[in-house]
Amino acid sequence: MRVLGIETSCDETAAAVVEDGYKLLSNAVATSLDLHAQYGGVVPEIAARSHIESITPVIEQALSDAGCTWDDIDAIAVTYGAGLGGSLLIGVMAARTLAITKKKPLYAINHVEGHVYANFLTKTSLKNYVLPAKQPEFPLLALIVSGGHSQLVYFKDHIDYKLLGRTNDDAIGEAFDKVAKLTGLPYPGGPNIAKKALEGDSHACQIPKAKLPGKYDFSFSGPKTAVLRLAQELIGEDSTFPSKDLPARLSEAQKANIAASFQRVAIETVVDKTVMAFEEFKPTSVVIAGGVASSQELRRQLPEALRSKFEIQNSKLEEILLYTDPKLCTDNGAMIATLGCFKMKLNQPTADPYTLSPNPNLSM
Ligand code: KG4
Ligand code: ZN
């Protein structure tokens, strides 16, 4: 069974072919990231226009890299939410048109659920991919951390899951992007903060963690505002000093300390809750998903926290905690195709190619 996955929820136009829910045959991605960098974040109109230009070449590339013609494709899976309305629309309309003209079943995929399925890919002949040795097993605990989402989800089985907690305000990636902007670091914030953090002291700045009523909920808006106040204080100004003028006044050492301290606290916030959920739900596997899952700091802190709290041996930890290639953590079509494969295998309902519409606010 081969599924073509299409993803256009934000600034990546992506398509990929996946076989039987575990084998990655191709993964084509065109990003409009460079066009957004000068604005410090994604501009929805620019993203939508880029999708229109890229969608056909990206789909063609996914098919040709996989060595497939349309006869080899059994179904199409497409992200229909959550995401930017104009961006989602391009992918959904392309998928609907292809499903009708090529006579393929169509699966509508929740983007956030899709992120988790990137971890089910275990084989590929594509170069430069490091995939987990085995698929995750249920019950499965998933920490989904990206520019648009921060949530902790417990999967009893495929399709059968429960949302344990989510962010009450900003997503963790969004907070990285905003702190990067405050300190004059380029977009996207996560990787650039990680780079700058290497020069800094992660305990130099006091950044409080938010306390919330929901046991597994997160908040990143408070820590982000704490960074703003701290930066104003560091340069001897009060809270009326405009944030856009901060980068010019902060020294490189101050920027590095802010980056390192914020990164430590933001990652600790999601690691603490994952460890609590691990204790309560005793999952067989733990996966991390979304753009922030490529964070080296997360990949350092999470195993360390599990090891020290539960005294798990390294070999056992490697079986529980699975990481995929960073290229499959940020938005891609492969994760969408993989979930499409499982939906097909499990005889889940297909979408109507004449009526499927995007749902920008879709939740899990
Ligand atoms: O999953 P994704 O590509 O798009 C969304 O669905 O949001 O995630 C993008 C986010 C951005 O906020 C970016 O700053 C963050 O992922 N990110 C990282 C890293 N790479 C990307 N955050 C921390 N460390 C990284 N290495
Ligand atoms: Zn995403």
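Counting begins at 1 with the first residue of the sequence. Ligands are counted one by one from 1 in listed order, and the atoms in each one are counted from 1 as well. All of these numbers come straight from a predicted model, not from anything done at the bench.
Some N or O of D331 is nearer than 3.5 Å to an N or O of ligand 1, by distance alone.
Between the side chain of N332 and the backbone N or O of M335, at least one donor-acceptor pair lies under 3.5 Å. Of the possible polar contacts, one joining the D169 side chain to the S221 backbone as a donor-acceptor pair under 3.5 Å is found.
Between F310 and F278, the gap from one ring centroid to the other is short of 6.0 Å.
Among A293, G190, G291, the residue whose heavy atom lies closest to atom 21 (C) of ligand 1 is G291. Atom 19 (C) of ligand 1 has its nearest heavy-atom neighbour, among P188, P191, G189, A289, in P191.
Not a single heavy atom of C10 lies less than 4.0 angstrom from ligand 1. For Q263, the closest heavy-atom approach to ligand 1 does not fall below 4.0 Å. For H115, the closest heavy-atom approach to ligand 1 falls below 4.0 Å.
Considering only heavy atoms from C-beta on, L322 stays 4.5 Å or farther from V286 through its side chain.
Protein N/O/S atoms closer than 2.8 Å to the Zn ion (ligand 2): H111 NE2, H115 NE2, D331 OD1.
A distance of 5.0 Å separates OG in S32 from CG in D11, rounded to the nearest 0.5 Å. If you take CG on D157 and CZ on F342, they are separated by 10.0 Å, rounding to the nearest 0.5 Å.
For the residue pair Q263 / S261, no side-chain donor-acceptor distance below 3.5 Å is found, with atom types taken as modelled.
The parts of V292 lying near ligand 1 are both backbone and side chain, judged by heavy-atom distances below 4.0 Å.
Tested against Y323, the residues P303, P132, S294 include a single side-chain contact (heavy atoms from CB on, under 4.5 Å) partner, P303.
Residues satisfying the side-chain contact (heavy atoms from CB on, under 4.5 Å) test with P223, not counting sequence neighbours, are I207, F262.
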